[in-house]
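All values below were derived from every heavy atom in this structure, side-chain atoms included, with hydrogens, water molecules and symmetry-related copies excluded. For ligands, and for the atoms within them, numbers begin at 1 and follow the listed sequence.
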Amino acid sequence: MGNRKTSEKKDSWLKVLLGYTEGSGQRLGISVVLSVISIISGLMPYYCIYRGIDLYIRNLNQAPMQEILKWCLYALLFYTIKIVSFSASTWISHIAAYHILEGLRLRLTDRFLKAPLGDVEGHSIGEIKSIMVEKIENMEPPIAHMIPEGSGHILLPVISFIALLTLDWRIALASLVTVPLSLVFMTLTMIISGKSFTQYDESNAHMNSTIVEYIEGIEVIKAFGRAGTSYEKYAKAILDYKKFVVKWLSSTWITMKMTFALFPSTLLGTLPVGLYLTMHGQLTISQLVLAVMLSMSMVTSFAKIEVFSENLREMQYNIERIQDFLTMKELPEPSVYANINSYDVKLENVHFSYTGEEKDEVMHGIDLTMPAGSFTALVGPSGGGKSTVARLISRFWDVTSGSITIGGVNIKEIPLSQLSEMVSFVTQDNFLFRCSILENIRLGNPTASDEEVREAAKKACCQEFIEKLPQGYDTPAGEAGKRLSGGEKQRIAIARMILKNAPIIILDEATALTDPENENKIQKSIEKLTKGKTLLVIAHRLSTITDADKIVVLKNGCIEGAGTQEELLQNCQLYQRMWQAHVGARHWAVGSQKEGEDSCLAL
Ligand SMILES: Nc1ncnc2c1ncn2[C@@H]1O[C@H](COP(=O)(O)OP(=O)(O)OP(=O)(O)O)[C@@H](O)[C@H]1O
């Protein structure tokens with residue numbers, strides 16, 4: 001993973017975890033204090049019961065009932081304090097935990113936005129979903145429970161042990177008789193399962209990705225009748241995951257159960273040693289009862305510590321994975337806005353490779369000047385690099401060498417937010433978010449009024465189809481705009497662009513899916529709205545760019561020719577061939593349309 005290689009020296013997981021608590025550290029601190037109060041209060045009833053029993057045994061027939069009742073009430077009071085402080089501790093720790101989770105998710109999203117697009121796209125959707133949803137959610141139990149409760153549960157056995165020491169050092173040691181053996185089993189569990197976390201993660205991410213792919217590609221699967229094969233692939237991923245988890249759990253089952261059984265078995269030592277000491281008059285019966293209660297109080301804490309030690313390893317692994325993403329390389333950008341006086345765009349000797357490797361270079365020293373307010377068209381065979389030029393100007397990636405400037409300022413010196421304000425890029429993939437059509441268009445300018453949004457939609461020829469939708473502008477676009485046709489989605493993206501009103505506009509096949517009638521109308525609208533703006537249009541239908549100030553022909557990452565339509569028709573063979581093919585195709589289309597009309601008439 002590229003970003004892993006680039007991450008700086010790794011901090012310890014604890015330091016990283018504490019770093020995540022920014023703004024919530026105080027809450028967590030209070031939660032820990034309350035948890036400690038709860039644990040100590042939980043021990044006090046044992047002492048009160050001991051005092052009550054002691055009073056009773058010493059006085060038997062004349063037991064001072066009032067005094068005994070007083071200790072019972074104290075026990076009740078401490079128990080109440082334990083419950084109240086524990087509830088308050090977990091309440092506060094949960095608030096802190098979800099605050100931290102929110103912060104982590106926002107920080108990750110921010111990283112994704114600032115990282116080169118390729119680094120983000122290099123991860124499968126399953127992997128990203130697993131990090132954003134599961135791994136971050138898995139941080140909740142450690143933060144909300146392990147930190148506050150863990151502190152208390154470490155403290156409790158210490159206090160109980162000291163209290164046992166005050167009774168008799170032998171009984172204190174006896175309470176820990178099973179600890180060494182359980183530590184051996186605990187270490188064994190850690191060694192066995194530790195190696196499997198990475199495999200677990202890979203298997204989980206693979207299953208996630210296969211599920212997402214199966215659902216996303218369901219149309220293609222149905223269309224090509226591949227349901228059987230695809231289902232098998234999908235089912236195999238789930239089966240592999242199940243097999244792996246079962247194998248993993250089985251491998252640690254014995255050692256884990258032995259730890260669970262041995263670690264909290266404090267009575268195994270305390271009871272025989274306590275009885276022996278009582279029989280030999282070295283402990284009173286009430287002291288024996290107290291010793292038993294104290295060792296039993298350790299049981300819950302030891303059991304919790306065992307569970308937390310399991311969680312700890314998972315958390316450590318999760319933190320490392322989250323850190324891999326949080327430390328992803330960012331596109332370097334300045335913090336202060338650049339002073340830009342004109343919107344001419346210039347590419348100078350631009351070389352670019354998506355992988356960063358020279359052998360994969362797709363742009364081989366491009367020089368291109370787009371004066372402010374001009375209309376430039378990029379044409380050429382598929383895979384020639386047209387969209388790559390557009391993406392590089394929008395700084396989705398950084399050029400490998402050479403430079404791109406706007407108004408003479410290198411785009412690397414322009415903060416990404418400023419660049420995004422200046423450049424409006426309508427891509428081939430017009431993603432619509434799961435919100436209303438109105439809100440989808442408003443993304444172009446979040447401060448625009450409903451009226452302004454409707455006006456932009458009208459200019460992009462959206463009005464007609466939007467009004468036919470069940471809830472008009474308030475109709476949800478559906479996941480990734482599945483409710484709308486390709487051409488309709490393109491028009492919504494153009495409305496967004498119109499609303500944004502940026503000085504530099506890039507249209508990458510923005511109207512290719514629109515029907516000819518609407519395309520004509522949108523072209524006219526765009527022509528009017530982009531007057532005075534720097535316009536870059538990528539087009540396959542050459543008839544839509546004949547008016548361009550400059551047409552640039554790109555092939556295999558090199559410029560084959562540049563000039564006006566007339567100049568290119570005279571000087572550039574590739575353009576001539578493309579134009580002839582285009583005109584031929586149009587004649588053919590018109591011809592076949594006529595034939596169709598005739599045959600309709602004949603019917
Ligand atoms: N994300 C990517 N990662 C790696 N290579 C890519 C990526 N996107 C494009 N390429 C490669 O870069 C080259 C240029 O692609 P680009 O999409 O810029 O061409 P294009 O001229 O816009 O093509 P089309 O007209 O088909 O859209 C192609 O060889 C393509 O395979």
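- Closer than 4.0 angstrom to ligand 1 sit non-hydrogen atoms from Tyr354, Val362, Pro381, Ser382, Gly383, Gly384, Gly385, Lys386, Ser387, Thr388, Arg391, Gln428, His540.
- Within the structure, no pair that satisfies the ring-ring contact (aromatic ring centres under 6.0 Å, His included) test touches residues 534-556, not counting sequence neighbours.
- Scored by the side-chain hydrogen bond (donor to acceptor under 3.5 Å, both in side chains) test, Lys412 finds no partners at all (sequence neighbours excluded).
- Remark: the Tyr473 side chain and the Glu467 side chain contain no N/O donor-acceptor pair separated by less than 3.5 Å.
- Using modelled atom types, no side-chain atom of Ser342 and backbone atom of Gly407 make a donor-acceptor pair closer than 3.5 Å.
- The aromatic rings of Tyr575 and Trp579 sit parallel to each other, their planes meeting at less than 30°, with 60° as the upper class boundary.
- In this view, Gln570 satisfies the side-chain contact (heavy atoms from CB on, under 4.5 Å) rule with no residue, not counting sequence neighbours.
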